[in-house]
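For reference, the structure discussed in these notes is given below.
Residue numbers start from 1 in every chain, and the chains themselves are labelled A, B, ... in the order their sequence lines are given, proteins ahead of strands.
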Number of protein chains: 2
Amino acid sequence: MARTEAAAANEPAWRERAVARSVDAARSRAEQRVERFLEAAFELIDEKGSTEFTIQEVIDRSKQSLRSFYEYFDGKDELVLALFEETVREADEDIRQAVEEESDPLERLRAYVIRHHEWCDPSEEPRKRGSHHRRAISEFSMHLATKHPDRMRAALAPGSRLLRGLIEDAVRAGAIRVADTKRAAALVRQTVMYSWFGNRLVEDPRQRLTAEETWEFCLRGLQG
Amino acid sequence: MARTEAAAANEPAWRERAVARSVDAARSRAEQRVERFLEAAFELIDEKGSTEFTIQEVIDRSKQSLRSFYEYFDGKDELVLALFEETVREADEDIRQAVEEESDPLERLRAYVIRHHEWCDPSEEPRKRGSHHRRAISEFSMHLATKHPDRMRAALAPGSRLLRGLIEDAVRAGAIRVADTKRAAALVRQTVMYSWFGNRLVEDPRQRLTAEETWEFCLRGLQG
DNA sequence: CCAAGGTGAGAACATGGTTCTCACGACGCG
DNA sequence: CGCGTCGTGAGAACCATGTTCTCACCTTGG
C-alpha cells in the first residue's frame with residue numbers, strides 16, 4: 001500500500017492507470033473466486049438440505065483449491081455466515097417490495113409479517129426467484145445466534161428497523177396500540193421467525209401454524 | 001434370558017432369589033454408573049455453559065472408562081439427550097407445582113406461561129434447587145429439534161398436554177376465546193420457548209423481553 | 001487353582017477442519 | 001533468453017474429537 005502511494009506520487013499517469021488496472025483486475029478476480037465458493041456452497045446446501053457439507057466438497061465443486069479457500073475465508077463459519085447474510089439481504093428486499101405494494105399502515109404491517117413468515121418457514125412451496133434452500137439457512141441461524149449474536153444482529157438490523165417503522169406507522173394511524181414499539185417489534189419478529197421452529201414439533205402437517213394464523217396472533221397481541 | 005427362565009422353572013426358590021438378587025445388583029450398578037456419567041456431564045455443562053464438552057472429559061470426571069460409556073450410551077447425542085429429558089422433567093414438575101398453587105383458570109394459565117418462560121430464559125437469576133445450567137440445554141434443544149424432532153416432541157408432550165388443558169379450562173371459564181385450543185397451545189408454547197432466543201438479538205439488557213411481557217402478549221393474542 | 005465374564009486403559013481408526021510445503025507456470029526484468 | 005518472484009494448485013500433514021477395537025487384569029463361581 002505504501003509503495004503504491006509512493007508510485008502514484010512519483011510516476012507518470014499512465015503508470016498509475018496501469019497499476020489501478022492491475023489492482024482492479026485482481027479485485028475482480030478475487031470477487032469471482034469468492035463468488036464461485038459461495039455458488040458451490042449454496043448448491044451443496046440446496047442438495048443436502050443442511051449446512052453439513054465439507055470444505056472438500058466446496059472446493060471440488062468450485063474447482064478451486066483449499067489454499068485459496070482459506071485465503072478468502074477465515075473458516076467454514078465465515079463462509080456460511082456469508083451465505084446467511086446474502087440470504088437475509090434477498091429476503092429483506094423481497095419483503096420490502098411486498099410492503100411497498102400496500103398503502104394502508106396495517107396492511108403494510110401485515111404484508112411484512114406474512115412475507116417474513118414465508119421466508120422463515122422452510123415448509124413453504126419450492127423456492128422461486130433463484131433463492132436458496134431456506135431450511136438449512138434457518139437452522140444455521142440458530143447456531144449463529146448463539147455463536148455470533150453480534151453478526152446476526154447486524155444482518156437482521158435493517159429488517160428490524162423496517163418492522164419497527166411499520167409498527168410506528170400503524171400506531172400513528174390508530175390501527176394498533178402498543179406501549180413500546182421497540183419491544184413490540186421484538187415480540188413480532190421472534191414470533192414470526194420461530195414459528196417455523198415450533199412447527200417442527202408438530203407431527204400432523206395440517207396442525208402446523210400458517211403465516212396467516214401467526215399474523216392474527218400478532219395482531220391481537222398488538223391491540224392492548 | 002432363556003436360561004434364566006429355565007432356571008426359574010427348575011431350580012428351588014432360593015436360587016431364583018439369588019439370581020434375582022444378582023440381576024438387581026447388576027441393574028443398580030448400571031444405574032449408578034449411568035448416574036455418574038450424567039452427573040459429570042451436568043457439571044461440565046454448568047462449568048462451560050455449553051454442551052461442547054468432550055467424551056474424554058466426561059469419563060475423566062466420572063472416573064469411568066470409555067468402554068463403559070459406549071456400553072451405556074449410543075453416543076454423545078444420547079447422553080445429552082438424556083440430560084435434556086431430565087431437565088424437561090424437572091421443569092415440568094416445577095411448572096406443575098406453580099400451576100397448582102392457583103385456582104382461577106386464567107391465573108393458572110398465567111402461572112404456566114411465566115414459570116415456563118423462566119425455565120427457558122437462561123438470563124434468569126442463578127439456578128436454584130440443584131437444577132442445571134439452562135442456557136446450554138436450551139441451545140442444545142435447537143440442535144435437537146432439527147436432528148431428533150421425535151425425541152423432542154416426546155419429551156415435551158406432557159408439558160404440551162398440560163398447557164392445552166389449561167387453555168381449555170380458561171376457554172370454558174370464558175376468560176379467553178380461541179378457535180382451536182391445539183393451535184393456541186402451539187402458539188403460546190413457541191412464543192414462550194423462543195422469546196429467550198429472540199432476546200439474544202437484543203444488545204441492551206433493559207430492552208429484553210420479560211416473562212410478564214410475553215404473558216401479556218400471549219394473553220391478548222388469545223382474546224379474539 | 002482354573003475358566004470366564006466384566007471392565008479399565010488406551011491404542012487405533014474415521015472424519016473433517018485447518019495449516020504447511022512444495023512445485024509449477026506466468027510474468028516482469030536485466 | 002534466463003532468472004527471480006509471485007500467485008496458485010495439489011495435497012500432505014496436523015489436530016481435535018467421536019467411535020471402535022484390543023488386550024490384559026481382576027473377580028468370582030466351580
A/Asp74 CG to C/dT18 C1': how many Å, rounded? 11 Å
When you match A/Glu71 and B/Ile55 each to their closest nucleotide on DNA chain D, which lands nearer the 5' end? A/Glu71
Say whether, by atom type as modelled, one donor and one acceptor occur between the side chain of A/Tyr112 and the main chain of A/Gly159 under 3.5 angstrom. yes
Rounding to an integer number of Å, can you tell me how far A/Tyr70 OH sits from C/dT21 P? 17 Å
Taking OP1 and OP2 of C/dG6, is either one under 4.0 Å from a side-chain nitrogen or oxygen of B/Arg33? no
Let me know the distance between CD1 of B/Ile59 and P of D/dG18, rounded to the nearest Å. 11 Å
Would you indicate whether the side-chain heavy atoms of B/Leu38 and B/Phe73 approach each other to under 4.5 Å? yes
Mind calculating the distance between CD (B/Glu78) and P (D/dG18) to the nearest angstrom? 15 Å
Under 4.0 Å, heavy atoms only, any strand: does B/Phe53 hit a base, just the sugar-phosphate, or nothing? sugar-phosphate
In whole angstroms, the gap separating P of D/dG9 from CZ of A/Arg29 amounts to 10 Å
Is the ring pair B/Tyr194/A/Tyr194 parallel, tilted or perpendicular, if the boundaries are 30 and 60 degrees? tilted
Name the residue closer to the 5' end of DNA chain D, choosing between B/Gln56 and A/Ser65 according to the nucleotide with the nearest heavy atom. A/Ser65
Options C/dG16, D/dT17, C/dG8, nucleotide nearest the side-chain atoms of A/Thr54: C/dG16
For the pair made of CZ in A/Arg67 and C1' in C/dA23, what is the distance, rounded to whole Å? 12 Å
Round to the nearest Å and state the distance from B/Leu66 atom CG to C/dA14 atom P. 16 Å
Decide, yes or no, whether a salt bridge links B/Arg108 with B/Glu101 under the criterion of side-chain N to carboxylate O below 4.0 Å. no
Quickly work out the A/Phe69 CZ to C/dT19 P distance and round it to whole Å. 11 Å
